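Below you'll find the structure, written out as structure tokens, and then a few comments.
Each chain gets a letter, A, B and so on, in the order the sequences are listed, and its residues count up from 1. As a basis for the values below, the full set of heavy atoms in this structure was taken, side chains included, without hydrogen atoms, waters or symmetry mates. Everything numeric in this text was worked out from a predicted model, so none of it was measured.
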Amino acid sequence: MSDEQNSVSDILEDDTYKYGFTTDVESDTFAKGLDEGVIRAISKKKNEPQFMLDFRLKAFAKWKTMKEPEWPNVHYPPIDFQNISYYSAPKQKKVLNSLDEVDPEVMRTFEKLGIPLDEQKKLANVAVDAVFDSVSVATTHKKKLMEVGIIFCSFSEALQEYPELIEEYLGTVVPVGDNYYAALNSAVFTDGSFVYIPPDTISPMEISTYFRINTEETGQFERTLIICAENSYVSYLEGCTAPQFDTNQLHAAVVELVTLENAEIKYSTVQNWYAGDKETGKGGIYNFVTKRGKCQGDGSKISWTQVETGSAITWKYPSCLLLGDNTSGEFYSVALTNGHMQADTGTKMIHVGKNTRSSIISKGISADHSSNSYRGQVKVGKNATNARNYSQCDSMLVGDKSSAHTFPYIETANSSVQVEHEAATSKISEDQLFYFESRGISRENAIEAVISGFCKEVFKQLPMEFAVEAQKLLTLKLEDSVG
Amino acid sequence: MLEIKDLHAGFDGNEIIKGISLSIKKGEIHAVMGPNGSGKSTKAKILSGHPSYEAMGGEILFDGENLLEMDAEERSLAGIFMGFQYPVEVPGVNNAEFLRMAHNARRVKAGEEEIDPLDFDDLLSEKMKMLGMEKKYKERNLNDGFSGGEKKKNEILQMAILEPKLSILDETDSGLDIDALRVVSEGVNKLRNENNALILITHYQRLLDYIKPDYVHVLSNGKIVKSGDKTLALELESQGYDWVTTAN
């Protein structure tokens with residue numbers, strides 16, 4: 001019986017990281033190293049307006065004075081920032097008039113990843129911006145969105161077409177000197193996605209960006225800016241994968257969200273960057289990301305949902321700045337670590353306006369030798385009368401070599417607030433799985449049932465197809481770790 | 001239906017069952033009794049396919065098939081049901097959902113379509129009504145926060161849904177008050193028919209006041225030291241286990 005079990009998990013094991021392939025495309029890559037010259041070169045290459053170059057240089061000057069954060073509960077050798085290339089793009093003809101002009105190899109890569117981009121096959125209800133290494137290669141459904149006034153394009157294109165919007169909002173949520181990696185990103189980011197939802201508009205479809213790192217020793221620094229104007233709504237999805245390399249690659253993105261009065265942004269991520277070798281821990285992505293939303297207008301809402309299943313190291317705190325009165329912020333997270341992965345993730349909810357609400361549901365699953373930390377801050381300012389927060393942080397341990405940690409920070413400067421924090425730790429045990437098996441239910445289905453039960457509150461926030469995928473992904477990753 | 005031939009078994013290399021033979025035909029109820037440490041629970045575990053327990057000799061045939069080569073999932077699908085002494089709690093997994101998964105696993109095995117959730121709900125309601133179980137068993141999570149008695153009732157509900165050929169109830173009576181014992185026993189009796197069989201593993205004879213066995217076997221130190229009809233259980237009750245264990 002154990003023979004059969006092994007062979008089943010072997011098959012799944014081989015399939016665990018099915019995105020680990022590389023695509024052979026000719027790319028235009030800068031030599032490694034970082035100085036002001038490189039930043040000017042990036043800006044020039046992208047034909048950027050002056051304000052953008054100034055923004056970058058200011059960030060770079062700031063970054064040089066900063067130190068890498070040491071407080072996260074993760075450990076890794078120092079990163080040599082001079083040993084990274086800061087720009088890599090698939091070589092292509094100057095301007096793409098249609099998707100037909102995208103390198104077929106790149107198109108095939110995305111198709112292999114389940115994200116077909118060409119007109120016939122593209123996903124019907126999701127508009128996709130595909131980012132390959134440092135640049136956006138294709139954006140689908142642009143015209144259809146434009147009909148209702150929604151702007152959805154690559155960041156580079158937005159800089160050319162809508163520079164005034166970018167100048168108005170960029171860096172207003174995550175200032176250039178916010179933290180070490182945000183400063184680095186602000187200096188060197190190469191592309192990303194831009195979304196603008198005009199007033200009184202409900203986006204007719206999901207909008208998504210799919211990130212793919214392809215080249216070894218390239219850093220990926222992308223920037224996402226989403227602005228949702230008065231009374232509008234958008235649901236945004238983000239997916240990420242990378243090939244398997246023995247070296248570590250750095251991914252330092254910045255995402256900024258802004259909601260004006262009564263607007264709502266729902267931002268969902270399924271992150272499956274390569275996590276490094278399961279046995280040795282070699283290779284994998286360093287995922288050092290700053291995501292923050294600003295509920296600027298009264299009555300607006302920002303909701304983050306994340307399913308984090310990859311990366312060697314994750315350092316990420318999607319946060320909400322609740323400025324307007326009656327605004328609300330939500331954070332739903334499932335973070336799975338296995339092998340030698342390390343995750344330090346959570347959120348910050350900053351209550352500034354009156355009657356602001358926030359809720360945090362965090363589910364950490366740690367297996368094998370991994371370490372999984374939740375770090376969350378709830379801060380209530382003195383004018384945030386009647387602010388309320390509810391936090392629930394649950395951990396599930398698989399096996400006895402993994403660890404789970406919870407670091408909640410609560411600060412309130414107003415006596416009318418209500419803050420609740422709950423935490424629980426559970427285990428997925430061999431006895432539970434045996435119980436399912438003794439009722440004729442396969443091990444695989446049993447793990448899926450236990451995990452989806454544990455993550456229920458988070459999965460129900462995801463769009464249907466994403467939830468199904470996320471559930472499968474978690475099951476696959478844990479199959480081998482239980483018992 | 002079940003043939004156990006000179007079975008030796010245990011765990012971590014310790015032999016606990018030291019040569020048991022037993023033959024069970026359909027329609028029969030066998031009670032296996034014995035003092036603590038006699039090997040009763042090991043016997044139940046080895047029949048259910050618990051991965052920590054190993055057979056060290058002998059064989060078990062179920063409907064002519066070699067049971068020891070089947071894993072727990074296959075045994076269940078073949079028609080064996082184990083009512084656990086300590087059913088585990090599984091937070092987050094809805095009880096009705098769990099029962100439907102188990103029911104569907106059987107249907108898939110039989111080459112049938114999975115049941116429509118609404119049809120399953122009807123089936124479940126019917127079984128629960130038959131067993132006199134409250135609605136909460138549908139709504140709550142699998143054994144999560146259940147009392148000892150509720151867990152045992154839930155085992156019987158699973159048995160009702162799975163309709164096994166052979167059920168092994170391991171100390172189902174332990175930890176039950178008299179009312180719960182009656183509910184559980186009545187449930188088991190309702191599920192009996194001439195095509196299925198039952199093994200009751202118990203320390204006390206009181207369960208046998210409710211479920212009448214055809215045969216009683218007394219286990220001591222890993223062996224069956226005495227077999228008889230249900231009067232044997234009554235003798236045990238009045239004379240204690242020493243009566244049979246020291247006689248050997």
> For B:Pro87, is it the side chain, the backbone, both, or neither that has a heavy atom closer than 4.5 Å to a heavy atom of chain A?
Replying inline: both

> Looking at A:Tyr435, does the NZ or CZ of A:Arg439 lie under 6.0 angstrom from its six-membered ring centre and within 45 degrees of the ring axis?
Replying inline: yes

>> Need one label for A:Ser438: side chain, backbone, both or neither, based on atoms under 4.5 Å from any heavy atom in chain B.
In response: both

> What orientation do B:Phe120 and B:His103 show, parallel under 30°, tilted 30 to 60°, or perpendicular over 60°?
Replying inline: tilted

>> Students often mix this up, so state it plainly: with edges at 30° and 60°, are the rings of A:Phe407 and A:His405 parallel, tilted or perpendicular?
In response: parallel

> Going by the salt bridge (Lys or Arg N to Asp or Glu O under 4.0 Å) test, which pairs reach into residues 331-348 of chain A, not counting sequence neighbours?
Replying inline: A:Asp344-A:Arg375

> Given that the side chain runs from C-beta out, which part of B:Leu142 has a heavy atom under 4.5 Å from chain A: side chain, backbone, both or neither?
Replying inline: side chain

> Under a 4.0 Å N-O cut-off, is there an ion pair linking A:Glu308 with A:Lys363?
Replying inline: no

> If you count heavy-atom pairs under 4.5 Å between each of B:Arg106, B:Arg75, B:Glu89, B:Glu155 and chain A, which one has the most?
Replying inline: B:Glu155

> Where on B:Asn143 is there a heavy atom nearer than 4.5 Å to chain A: the side chain, the backbone, both, or neither?
Replying inline: side chain

